[in-house]
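Working notes, structure below.
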Amino acid sequence: MKKFTILLFTILLISCNGKQSNEKNYENDFAMYGLLINELDFNIFYLNEQIKLEISELEIENRLDNETKEIDSTTKVYTNKIDKIIDELYGNLTYHNGKIYDDQKLLRGYKRGNDYFFNGDTLSKNAIKYKKLTKEYGNEILKYFDHPIYIKRIQGALSMNDTQDGYGNRTELIEYLFRDTPLIAIILQLKTMKRNSLEYQQQLLRRKPVANNAYKK
């Protein structure tokens with residue numbers, strides 16, 4: 001994952017160089033994806049660190065209950081699988097100067113995302129696994145929430161139901177999100193799902209008084 005972050009910073013530097021004016025708007029959009037991904041990586045890192053601190057506090061006070069362990073395990077299974085998907089999509093991209101332009105084209109392109117999630121007009125095994133993974137994670141994490149506001153938010157964020165366009169045409173959500181979508185935008189979506197799952201875990205942890213006091217020391 002560190003390689004990918006370095007790659008994005010390199011891409012941002014390239015996008016700031018003098019280019020042809022007719023390419024500038026597209027490069028600015030591409031650089032924005034890089035900035036958003038870097039911000040997500042920053043948030044993900046510190047969410048993980050905060051969760052570790054809060055769980056550690058519960059352990060010190062001998063108040064790490066089975067529910068917290070189950071939530072932590074559920075979140076780790078989901079986030080680890082998201083990381084695996086990102087690594088598979090990322091493949092052999094490199095930040096070395098000799099390949100950076102080719103890799104930038106690949107990140108802007110649709111082919112790798114289409115090949116990963118689709119077999120022609122149908123979902124691939126990877127897409128079906130991702131759909132199942134997200135549904136199962138949603139069903140599991142929702143067991144620990146009881147307020148309608150949290151439930152609706154999580155159900156909306158993790159929904160794998162069909163979506164509908166302005167003309168009333170229904171389509172698979174994965175089709176809507178990932179088909180003919182730049183690879184860098186797919187990675188942004190997956191990292192957002194990972195960040196969200198860590199936020200759900202932290203919200204549940206904050207119910208625990210000891211964990212909630214972790215920052216007061």
Side-chain angles (χ1 to χ4, degrees), residues 1 4-5 33 35-90 117 126-163 172-174 176-178 181 184-217:
M1 302 308 292
F4 187 75
T5 301
Y33 276 118
L35 288 170
L36 291 171
I37 288 175
N38 287 329
E39 183 178 352
L40 277 172
D41 284 338
F42 177 87
N43 290 334
I44 286 167
F45 174 81
Y46 281 103
L47 277 168
N48 268 317
E49 292 302 302
Q50 289 167 3
I51 287 166
K52 288 177 187 177
L53 176 63
E54 291 163 17
I55 288 178
S56 173
E57 193 71 17
L58 289 168
E59 286 180 318
I60 291 170
E61 298 292 332
N62 199 27
R63 295 178 66 177
L64 183 58
D65 56 20
N66 287 333
E67 179 184 272
T68 303
K69 291 178 183 178
E70 289 167 3
I71 293 166
D72 188 51
S73 175
T74 297
T75 305
K76 283 179 177 175
V77 167
Y78 181 69
T79 56
N80 287 342
K81 288 184 178 179
I82 291 292
D83 282 342
K84 183 179 178 183
I85 293 171
I86 292 172
D87 286 342
E88 289 171 350
L89 286 168
Y90 179 50
F117 287 106
N126 291 324
I128 292 169
K129 286 180 182 177
Y130 173 75
K131 187 175 179 179
K132 181 181 178 184
L133 168 69
T134 304
K135 281 185 175 180
E136 289 179 347
Y137 168 70
N139 291 336
E140 189 63 29
I141 203 68
L142 280 168
K143 293 177 184 177
Y144 305 104
F145 287 92
D146 51 20
H147 197 287
I149 290 177
Y150 293 107
I151 292 171
K152 286 179 181 179
R153 177 196 172 195
I154 294 168
Q155 286 176 333
L158 297 174
S159 173
M160 286 288 107
N161 295 332
D162 291 353
T163 188
E172 282 265 10
L173 183 63
I174 291 180
Y176 178 78
L177 291 175
F178 296 149
T181 300
I184 195 170
I186 293 174
I187 291 171
L188 178 67
Q189 169 67 18
L190 293 170
K191 284 180 176 284
T192 298
M193 299 293 279
K194 178 178 178 179
R195 189 274 314 276
N196 289 349
S197 69
L198 294 171
E199 287 185 345
Y200 306 150
Q201 181 180 5
Q202 190 175 62
Q203 286 170 349
L204 292 167
L205 270 172
R206 294 293 169 85
R207 295 178 178 180
K208 315 289 181 180
V210 173
N212 215 12
N213 293 332
Y215 306 108
K216 296 180 181 179
K217 294 189 174 182

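For the pair Lys76 and Ile51, the minimum side-chain heavy-atom distance is 4.5 Å or more. The shortest distance between side-chain heavy atoms of Arg63 and Glu57 does not fall below 4.5 Å. For the pair Gln202 and Glu199, the minimum side-chain heavy-atom distance is 4.5 Å or more. In this structure the side chain of Ile141 reaches within 4.5 angstrom of the side chain of Leu204, judged on heavy atoms. Leu158 has its side chain out of reach of Leu142: every pair of non-hydrogen atoms, C-beta onward, lies at least 4.5 Å apart.
Considering all non-hydrogen atoms of both residues, Leu64 and Glu59 come closest at CD2-CG, 3.3 Å.
For Ser197 (side chain) and Lys194 (main-chain N/O), a donor-acceptor pair under 3.5 Å exists by modelled atom type. Between the side chain of Thr75 and the main chain of Ile71, a donor-acceptor pair closer than 3.5 Å is present.
Salt bridge absent: Glu70 and Lys143 never bring a charged side-chain N and a carboxylate O closer than 4.0 Å. By the 4.0 Å N-to-carboxylate-O rule, Lys81 lies too far from Glu136 to be salt-bridged with it.
Counted within 6.0 Å of CZ on Phe145, heavy atoms from surrounding residues, nucleotides or ligands total more than 12; the atom is thus considered enclosed. The environment of CG in Asp65 is crowded: more than 12 heavy-atom neighbours from other residues, nucleotides or ligands sit within 6.0 Å.
Qualifying side-chain contact (heavy atoms from CB on, under 4.5 Å) partners for Ala185, counting only residues two or more places apart in sequence or in other chains: Tyr33, Thr181, Pro182. Take Glu39 and apply the salt bridge (Lys or Arg N to Asp or Glu O under 4.0 Å) test, not counting sequence neighbours, and it matches no residue.
Residues Glu140 and Tyr78 bring no donor and acceptor atom of their side chains to less than 3.5 Å of each other.
Between His147 and Tyr150, the ring planes lie perpendicular to each other; the angle is over 60°, past the 30° to 60° tilted range.
Applying the ring pair (Phe, Tyr, Trp, His ring centres under 6.0 Å) test to pairs two or more places apart or on separate chains, none has a residue in residues 54-75.
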